[in-house]
2 protein chains.
Amino acid sequence: MSGKEIRRSMPLFPIGTVMQLTELTARQIRYYEEHQLISPARTDGNRRMFSLNDIDRLLEIKDLIDQGINMAGIKQLFLIKVQQQNKVETQTEKVKQELTDEQLRKLLRNELMHSGRNNRSTLRQGDMSRFFH
Amino acid sequence: MSGKEIRRSMPLFPIGTVMQLTELTARQIRYYEEHQLISPARTDGNRRMFSLNDIDRLLEIKDLIDQGINMAGIKQLFLIKVQQQNKVETQTEKVKQELTDEQLRKLLRNELMHSGRNNRSTLRQGDMSRFFH
DNA sequence: AAACCATGTTAGAAAATCTAACATATGATT
DNA sequence: AATCATATGTTAGATTTTCTAACATGGTTT
């Protein structure tokens, strides 16, 4: 349960890299943080460090902005998204409760093979699964 | 053939991030560059920017150093590695030449399904496929 | 011991990022 | 039309991060 791994939530990128990757300006990125659409980590020296998840989120934000949605709207959409997510999860829990051990094993095996863990979004795209080779 | 993608060769990480990820000091990283074991990109402002490939390589270097191999030895090993790689590739080429179109299609299909593109190393591990979730 | 190798440490300069403030274009509200 | 709010641009000054270059040092090799 230890060892060096890169997780989607690991803060790895400085704002300059994120600017390139998202084609957003530093001003925009900071503004979205100000409105709590993202919460990048900070170094000891107070520089923002972004994770892959942060970048995903920024791409989603960009998309929604392009669709004319404002800060408040985007915040709401994100809220709804987690709710949906939670709903799905408790639903899954419930189903699992009803399964026999044998059935459970099959289900888990299947779950591991497919679905890349949670990241299936309720909204549009914006995740980076399409990126890595 | 365009669009924003993250490639293993894209320079994304500043040296600070690489230090964390590899547990090498800045001094070490720069020293290895000096000896041409890596060639990180530079920003307009001359700051080093590392790709996933660079990080892989640094992890390999670290490993080889731990095994007591020196700069010259590592450089040689890397040289041999590309030669091996090239050999495999021309071999593959040759084989493909001899195939019918039908056979070729099958082979390509297979190649796409398995083997994550080139990164199977001749040496030990050191690639980051194990990292991402 | 002398030389060499890999790394540590330091100093001074330059680049990247930070916050805060003010500026401005666009669209909505009165 | 005048005003307001929103999202973003721009600037200034401070701080952090990274850079190169030089010198220091503990092990190895000769």
Side-chain angles (χ1 to χ4, degrees), chain A residues 10-52 54-55 57-79 126, chain B residues 10-55 57-79 123 126:
Chain A
M10 279 189 75
L12 299 175
F13 309 100
I15 201 169
T17 298
V18 177
M19 289 171 65
Q20 287 187 186
L21 252 30
T22 60
E23 291 179 284
L24 293 167
T25 66
R27 183 65 165 94
Q28 286 176 301
I29 295 170
R30 297 194 191 108
Y31 187 70
Y32 303 152
E33 180 187 21
E34 196 177 330
H35 286 265
Q36 320 188 43
L37 301 183
I38 49 171
S39 304
R42 298 288 182 132
T43 66
D44 289 345
N46 198 38
R47 270 83 242 273
R48 272 167 265 253
M49 289 297 273
F50 299 78
S51 67
L52 288 171
D54 289 328
I55 294 177
R57 203 152 230 255
L58 284 169
L59 291 172
E60 288 188 46
I61 293 171
K62 201 184 175 194
D63 224 77
L64 296 171
I65 292 260
D66 282 351
Q67 296 172 51
I69 303 171
N70 66 9
M71 298 295 106
I74 296 175
K75 200 186 294 191
Q76 270 308 305
L77 283 173
F78 284 163
L79 260 177
Chain B
M10 279 189 75
L12 299 175
F13 308 99
I15 200 169
T17 299
V18 177
M19 290 171 65
Q20 286 188 185
L21 253 30
T22 61
E23 290 178 285
L24 293 167
T25 66
R27 184 65 165 94
Q28 287 176 300
I29 295 170
R30 297 193 191 108
Y31 186 69
Y32 302 151
E33 180 186 21
E34 198 177 328
H35 286 264
Q36 320 189 42
L37 301 183
I38 48 170
S39 303
R42 298 287 182 132
T43 65
D44 289 344
N46 198 38
R47 267 86 242 273
R48 273 167 265 256
M49 288 298 272
F50 299 78
S51 68
L52 289 171
N53 281 337
D54 290 327
I55 294 175
R57 201 156 236 253
L58 285 170
L59 291 172
E60 287 188 46
I61 293 171
K62 201 183 175 194
D63 225 77
L64 296 171
I65 293 258
D66 282 351
Q67 295 173 52
I69 304 170
N70 66 7
M71 298 295 106
I74 296 175
K75 201 187 292 193
Q76 271 309 305
L77 283 173
F78 283 162
L79 260 177
L123 298 171

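If you're wondering where the values come from, they're calculated on a predicted model, not measured in any experiment. Throughout, protein chains are lettered first and strands after them, A, B, ... in sequence-line order, and every chain is numbered starting at 1.
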Within-4.5 Å side-chain heavy-atom neighbours: B:Asn53 and B:Arg57: no
With sequence neighbours excluded, residues passing side-chain hydrogen bond (donor to acceptor under 3.5 Å, both in side chains) with B:Thr25: B:Gln28
4.5 Å side-chain heavy-atom contact, B:Leu21 and A:Leu12: yes
Reading 5' to 3' through nucleotides 23-30 of chain D, protein heavy-atom contacts under 4.0 Å coded B for base, S for sugar-phosphate only, - for none: --------
Rounded distance in Å - CZ (B:Phe13) to C1' (D:dT17): 18 Å
side-chain hydrogen bond (donor to acceptor under 3.5 Å, both in side chains) partners of A:Thr17, counting only residues at least two apart: none
side-chain contact (heavy atoms from CB on, under 4.5 Å) between B:Ile29 and B:Val18, worked out: CA-CA 9 Å; B:Ile29 295 170; B:Val18 177; 3.9 Å; yes
A:Phe50 CZ - C:dC18 C1' separation (whole Å): 12 Å
From D:dT15, C:dT19, D:dC19, nucleotide with atom closest to A:Arg48 side chain: C:dT19
Partner residues of A:Glu23 under the side-chain hydrogen bond (donor to acceptor under 3.5 Å, both in side chains) criterion, sequence neighbours left out: B:Lys4
Value in whole Å for how far the P atom of C:dA16 lies from CE of A:Met19: 11 Å
Distance, rounded to the nearest Å, where A:Gln28 contributes CD and D:dT8 contributes P: 5 Å
Distance in angstrom units between B:Leu64 CG and C:dA6 P, rounded: 13 Å
For atom CD1 of A:Ile69 and atom P of C:dG27, their distance in whole Å: 17 Å
side-chain contact (heavy atoms from CB on, under 4.5 Å) partners for B:Glu33, two or more places apart: B:Ile38, B:Pro40, B:Arg42, B:Arg48
side-chain contact (heavy atoms from CB on, under 4.5 Å) against B:Ala26, all qualifying residues, sequence neighbours excluded: B:Ile15, B:Met19, B:Arg30
All ring pair (Phe, Tyr, Trp, His ring centres under 6.0 Å) counterparts of B:Phe50, not counting sequence neighbours: none
d(CD1, A:Ile74; P, D:dT6) in whole Å: 14 Å
Spacing of A:Ile15 atom CD1 relative to D:dT17 atom C1', expressed in whole Å: 15 Å
Any residue of residues 29-44 of chain B with a heavy atom less than 4.0 Å from an atom of DNA chain D: B:Arg30, B:Arg42
Pairwise 5' ranking along DNA chain D for A:Asn46 and A:Thr25, keeping only the more 5' one: A:Thr25
